[in-house]
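Some notes on the structure that comes next.
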Amino acid sequence: MDKSAQACSEELVLSFLAEAGDAFVSGEAMSEKLGLSRAAVWKHVESLRARGYRVDAVAARGYRLVAIPDRLSPLEIGPLLNTHDLGQTLHYFEEVGSTSDVAKQLAEEGADHGEVVVAEAQTAGRGRRGRGWFSAPGKNLAFSVVLRPELPPQRAAELTLVASVALCDAVRDAGVAAGIKWPNDLLHEGRKLAGILTEMEAEADRVHWVVLGVGVNVNVREAELPEELRPIATSLAEARGEPVPRALFAAACLSRLEQWLDRHAEEGFGPVRAAWRERSDTLGREVAVEVGDRSLTGRAEDIDESGALLVRTEGRLERVLSGDVRLLRAR
Ligand code: BTN
């Protein structure tokens with residue numbers, strides 16, 4: 001077998017094991033499904049182990065993937081992806097200024113819908129409203145996706161809510177209770193787990209590209225956070241009490257994101273709005289919202305058909321298109 005065919009079968013064995021999750025798969029089932037001899041399956045498992053994958057092999061039960069190398073390169077994420085577009089081209093960096101800056105540059109140069117930039121470390125991570133974004137090197141997840149949606153620019157803000165719903169699902173699938181603070185912060189027990197930065201380039205009636213930048217605190221421990229973030233941020237590992245395999249989680253985020261983007265493209269904003277409401281940590285609560293240099297306080301009542309937040313203040317219903325929300329009372 002030539003080298004590339006060998007690598008390809010090895011990726012197939014890995015995908016098969018990854019798909020089975022915590023379950024064992026028999027060598028026989030793999031060899032039948034993948035058209036490989038039992039000896040070849042064994043050889044691929046050995047070679048995966050040499051690359052840092054931990055695979056249990058138990059007589060009469062088969063193989064089980066126990067751990068994967070804690071890196072986010074295409075070698076780790078690629079075989080775990082079950083998307084048609086998102087992440088099929090992955091640009092990987094050990095260190096970069098901001099994955100969103102790289103993705104924007106790639107988009108300008110004609111990158112395809114679904115290309116992803118991922119980095120182990122960012123030296124100039126950016127957050128919403130001109131803030132910075134801290135991402136512990138090698139511990140967290142920072143990626144940016146280039147999208148080329150068929151949407152008028154007025155509807156592009158919907159994608160921010162699409163992304164928050166998808167990310168919330170990926171976090172919940174990882175066993176962590178999470179809710180969304182409008183528009184797209186993910187919170188666990190009131191503390192921030194993840195944020196999304198949406199940027200776009202458009203003309204009057206056409207979006208050229210959207211870059212969705214996603215930052216998730218995955219395995220950083222509270223003591224490793226900058227002091228000012230400790231009271232307000234947390235991570236999946238802190239919430240779950242054990243680390244989360246980053247490559248698996250990255251693949252799950254991309255998969256959930258693609259599912260929700262497809263649904264949004266096919267059915268419009270309605271189902272996304274309903275899903276956002278269900279996952280909201282904001283609706284029904286007393287909030288303070290900074291809108292430019294104005295601040296308003298009231299009850300967050302709903303989001304409207306374009307994703308704007310509706311806040312009942314004394315006497316009137318305010319429609320907030322963009323702003324910073326503070327939840328005033330703990331649940
Ligand atoms: C926020 O909550 O303020 C949004 C944070 C978004 C951070 C991500 S990390 C990956 C991508 N690259 C960046 O520079 N920012 C986004």
Side-chain angles (χ1 to χ4, degrees), residues 72 77 86-87 90-108 111 114-147 156-157 159-168 170-171 178-188 190-201 209-220 225-226 228-229 231-236 246-247 249-251 253-254 257 276 279-282 289-290 307 309 322-327:
L72 296 171
I77 297 183
L86 264 59
L90 254 173
H91 304 267
Y92 171 75
F93 295 86
E94 288 285 347
E95 185 179 283
V96 80
S98 151
T99 55
S100 284
D101 288 346
V102 177
K104 281 162 69 174
Q105 180 69 34
L106 289 169
E108 284 296 323
E115 287 193 27
V116 168
V117 180
V118 63
E120 300 288 355
Q122 295 188 116
T123 53
R126 295 185 290 108
R128 288 176 66 234
R129 306 176 81 73
R131 288 188 282 254
W133 178 257
F134 167 79
S135 182
K139 299 261 168 113
N140 284 351
L141 181 59
F143 70 90
S144 300
V145 191
V146 176
L147 302 177
L159 296 175
T160 294
L161 278 74
V162 171
S164 65
V165 166
L167 201 57
C168 186
V171 166
I180 309 170
K181 179 165 79 89
W182 188 87
N184 57 11
D185 282 354
L186 277 198
L187 305 184
H188 169 76
R191 292 154 94 187
K192 186 151 164 171
L193 280 172
I196 299 165
L197 178 70
T198 313
E199 296 169 289
M200 75 162 174
E201 163 83 22
W209 50 258
V210 168
V211 166
L212 279 180
V214 176
V216 186
N217 296 332
V218 182
N219 288 329
V220 65
L225 289 168
E228 67 278 14
L229 293 182
I232 53 171
T234 188
S235 69
L236 300 183
R246 287 186 307 146
F249 181 71
C253 287
L254 292 172
L257 188 54
W276 192 94
R279 292 156 182 73
S280 155
D281 212 3
T282 309
V289 194
E290 306 293 328
L309 184 67
S322 122
D324 241 356
V325 169
R326 203 152 41 85
L327 303 172

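Atoms considered below: every heavy atom in the structure, side chains included; atoms not considered: hydrogens, waters and symmetry mates. For ligands, and for the atoms within them, numbers begin at 1 and follow the listed sequence. Computed from a predicted model, the values in this text were never measured in an experiment.
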Exercise. Is the closest N or O pair between Arg128 and ligand 1 shorter than 3.5 Å?
Worked result: yes

Run the numbers for me: atoms of ligand 1, each under 4.0 Å from some heavy atom of [X], listed by number.
X      : result
Asp185 : 2 (O)
Phe143 : 10 (C)
Ser100 : 11 (C), 12 (N), 13 (C), 16 (C)
Thr99  : 10 (C), 11 (C), 12 (N)
Gly125 : 14 (O)
Gly127 : 1 (C), 3 (O), 4 (C), 5 (C)

Can you tell me the protein heavy atom closest to [atom] and the distance?
atom                    : result
atom 2 (O) of ligand 1  : Lys192 NZ, 2.6 Å
atom 12 (N) of ligand 1 : Gln122 OE1, 2.9 Å
atom 15 (N) of ligand 1 : Arg126 O, 2.7 Å
atom 5 (C) of ligand 1  : Trp133 CE3, 3.5 Å

Problem set entry | Heavy-atom side-chain contact between Val218 and Ser235 under 4.5 Å | no

For this session: Determine whether Val116 and His91 make a side-chain contact, defined as any pair of heavy atoms from C-beta on separated by less than 4.5 Å.
Result: no

For this session: Indicate whether any N or O donor in one side chain lies under 3.5 Å from an N or O acceptor in the other, for Trp209 and Glu108.
Result: yes

Exercise. Side chains of Gln122 and Thr99: do they bring a donor and an acceptor to under 3.5 Å?
Worked result: yes

For this session: Run the salt-bridge test on Asp281 and Lys181 with the 4.0 Å N-O cut-off and return the result as yes or no.
Result: no

Seminar exercise, completed: Between the CD1 atom in Ile180 and the OG1 atom in Thr282, the distance rounded to the nearest 0.5 Å is 8.0 Å

Problem set entry | Trp276 side chain to Asn184 backbone, donor-acceptor under 3.5 Å | no

Seminar exercise, completed: Short version for Asp101: what comes under 4.0 Å of ligand 1, heavy atoms counted, is neither

For this session: Just let me know how Asn184 lines up against ligand 1, side chain, backbone, both or neither, with a heavy-atom cut-off below 4.0 Å.
Result: neither

Problem set entry | Residue Arg326 excluded, over 12 heavy atoms near CZ under 6.0 Å | no

Exercise. If every non-hydrogen atom of Trp182 is compared with every non-hydrogen atom of Gly307, which pair is closest and at what distance?
Worked result: NE1-O, 2.9 Å

